[in-house]
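Take a look at the structure below.
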2 protein chains.
Amino acid sequence: MARRVKTPPQPHSGLDARKATILEAVVVEHIDTAQPVGSSSVAHNADLAVSPATVRTEMVALEREGYLAQPHTSAGRVPTDKGYRYFVDHLKAGELGLAQQQQIKEFFSHVRGEMEEVLEQTSTLLSHLTSYTSVVVGSAHSRSTILNVQLVNLDAHHHLLVTVFSDGTVTKHSVLAAFEASHVEVTEASRQLNALLIGTTLDAVVQVPSRADTIAKLVRESVSVLHAESPTLEGEQVYIGGSSRVAEVFDGVETVRKVLAILEQELLVVSLVEDILGKGVSVAIGSEHGFEPLSSCAVIVAPVSLDGETIGAVGLLGPTRMKYPEVMAAAEAVSHHLTRHFGGEDERG
Amino acid sequence: MARRVKTPPQPHSGLDARKATILEAVVVEHIDTAQPVGSSSVAHNADLAVSPATVRTEMVALEREGYLAQPHTSAGRVPTDKGYRYFVDHLKAGELGLAQQQQIKEFFSHVRGEMEEVLEQTSTLLSHLTSYTSVVVGSAHSRSTILNVQLVNLDAHHHLLVTVFSDGTVTKHSVLAAFEASHVEVTEASRQLNALLIGTTLDAVVQVPSRADTIAKLVRESVSVLHAESPTLEGEQVYIGGSSRVAEVFDGVETVRKVLAILEQELLVVSLVEDILGKGVSVAIGSEHGFEPLSSCAVIVAPVSLDGETIGAVGLLGPTRMKYPEVMAAAEAVSHHLTRHFGGEDERG
DNA sequence: GTTAGCACTCGGTAAAATCGAGTGCTAACA
DNA sequence: TGTTAGCACTCGATTTTACCGAGTGCTAAC
């Protein structure tokens, strides 16, 4: 699924302390106000003991180096993607508001149910916490082994193949047979399927009986249906929370439309998240991810793991001028809680 | 203000032929242009052999009777909800474009897979067909009987209860036991559960064994987990297609936000659709459904049935000035095809 | 009942005027 | 050499004004 190479964060050259302070001040204020930031407010705001004029000369330099941009002459400065990147890279560990910590704790102490439900509710939680749109991805189970298979007959021709995997996921597949099969035959086929499949993974090839009787045909049909499962499509669940936030945090109908259109395509969302996914909390700003229609967005992703393996991810999507510290902290906190939730004392969905 | 002779408000039925023609012309043009419609364009457009002045007098009457409204003096007229209602009620059977008929046929001849997937893809189809946001609801299965139950153990304490219903749906529930249970015990519990539950419905109470051994405890735990299932929440699937359309067809960020926020809440959507659901294609315009935040929307709903019973619905959501004829035709066509698809020759998900 | 004629209304648009935040530059200063 | 005050200048945003014209309601004639 993940195709593109991730661009490693540029090792930023210089930027002496004062330039860094100024850049940070610009980013912070612009995130807050959504307006271009002028030299005087920076001079006041940050505890630089310098005049606006000095700030201005520094800003010219920052602009030349690509950290800031000017919407037009005689306007304040606005951070570029590169500016945000610097800001994010030099962020000290974000702090999460007490209220939000409380909310997370509360949520995870009360939540219960299957993994699917937990993930779905988590996406709602995340969007409430951050007021951005959230994306929660539960990864595919193609590596899991089969714990149990059951062929259930609906009527003479229609059967349902229900498969339980070791990671707790369950799939069902219709098996439509051209021939009639009795209840007894289906039960026997079910038994044989279990003998064949238990312990194997989906992509493992199994030896199917070549006999021509009803039972063998049922078994063959079932196995082939199971193998036909597209490994990419199935099992990769996507839960999107707070899509209405898109209309709040982006301006411009066209942008809103584009972002919503992307969110509709779950496959795209999955690959986007997986591209960005790194070891800890990862951020893709503006054009850093390859998705042109999302060039005005920033995406924050944190992994969720079980037994050391990444089994999913939580993500947040907002404008490039999003509240990075809080949102990154929230993503990290939730990803931690989720990891503990699935790995730990509780049921494993 | 000059007081005129009061004419008692006409009961809905009235509207002589000419008024009806004028109203229809206004509705059609306003749906097309989104602009207030003036008397002269109506006089031209509709094949009335009358002058704009006459149209104007009629419009005054239509306004007095509540079918039309004026955004402000010296602007054209705009249909009210009542106006749209009249239009819809007096619509002759809508005709569907050939291209769209083709698209539907194509879709249903190729689509396959479980009901869930079909419904999901249908929602995408609908939104493509109509360029509005679509809602597809698959109704709950609480009335179905249980065909098969399987208790699978993940490890000593975690088990998974997988239930197959006669309508082809499958549910899973985690069963977390405080005590250890062996593979053999779980298998036996599974067997007993099948004996107990096959053929019953979810809300039927079953006699559970009162013994204190591991197997009996597993059985009791499983049955209670199954009964704990909220009958409203489970099984009622909602698929929303083309939510990005919201940003296209509504104007005003606030409206977009509100509509998206509603769509996020699946329960609300289900109850909205079920409220509107009638025998054939039903329409709710503006404030006709009780949802205040959707007062600028119209919703079109058509039922999907299996064996004479309603098992779901397809819906379309757009602004009150939506293209009723086409959209109603599309909803009807798709609902028909779906009904046939599930009832007929194909697999039944 | 219908229509032409007409004065009137009022939102929308465009041109003009104004404002002011913010800039870049220069010259003086530590 | 780096910093700063001073200053002229820029240019988007806002307000003001003027104006157009689509569309109306009314009236008087057909």
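Below, read A as the first sequence line, B as the second, and so on, with proteins coming before strands; counting in each chain starts at 1.
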### Task
List the protein contact pattern of nucleotides 14-20 of chain D with one symbol per nucleotide (5' to 3'): B for base contact, S for sugar-phosphate-only contact, - for none; contact means a heavy-atom distance under 4.0 Å.
-------
### Query
How does protein contact run along nucleotides 22-30 of chain C, one letter per nucleotide 5' to 3', with B for base contact, S for sugar-phosphate only, - for none, heavy atoms under 4.0 Å?
SBBB-----
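Ring planes of B/Tyr86 and B/His90: parallel class, angle under 30° (limits at 30 and 60°).
Atom CG in A/Leu48 sits roughly 15 Å away from atom C1' in D/dT4 (whole-Å rounding). Distance A/Gln35 CD to D/dA13 P: 9 Å, rounded to the nearest Å. When rounded to the nearest whole Å, the span between NE2 of B/His44 and P of C/dT3 equals 13 Å. In this structure, CD1 of A/Ile22 is placed 13 Å from C1' of D/dG2, rounded to the nearest angstrom.
Between the side chain of B/Arg245 and the main chain of B/Thr133, no donor-acceptor pair closer than 3.5 Å is present. Without hydrogens or angle criteria, B/Glu63 side chain to B/Ala69 main chain gives no donor-acceptor distance under 3.5 Å. The closest donor-acceptor contact from the side chain of B/Thr54 to the backbone of B/Val50 lies at 3.5 Å or more, if one exists at all.
Residues A/Lys92 and A/Glu24 share a closest heavy-atom pair of NZ-OE2, 4.2 Å.
Judged by Watson-Crick or G-U wobble contacts below 3.5 Å, the nucleotide D/dA28 has C/dT3 as its partner. Base-pair partner of D/dC20: C/dG11 (Watson-Crick or G-U wobble, both distances under 3.5 Å). Remark: C/dA16 base-pairs with D/dT15; criterion is Watson-Crick or G-U wobble with both hydrogen-bond distances under 3.5 Å.
Between C/dT2 and B/Ser51, no contact under 4.0 Å exists linking OP1 or OP2 to a side-chain N or O.
Between B/Asp89 and B/Arg85 there is a salt bridge, since a side-chain N of the basic residue sits under 4.0 Å from a carboxylate O of the acidic one.
B/Ser244 pairs with exactly one of A/Lys258, A/Glu264, A/Arg257 by the side-chain hydrogen bond (donor to acceptor under 3.5 Å, both in side chains) rule, that one being A/Glu264.
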### Task
For the pair A/Ser296 and A/Thr320, evaluate side chain to side chain contact (heavy atoms under 4.5 Å, CB included) and give the outcome as yes or no after the intermediate values.
CA-CA 6 Å; A/Ser296 57; A/Thr320 44; 5.5 Å; no
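If you check the side chains of A/Glu248 and A/Ser131, you find no donor sitting under 3.5 Å from an acceptor.
Counting non-hydrogen atoms under 4.0 angstrom, A/Ala49 reaches the backbone sugars and phosphates but no base.
Where B/Thr54 and B/His72 each meet DNA chain C at their nearest nucleotide, the meeting point lying more 5' is that of B/Thr54.
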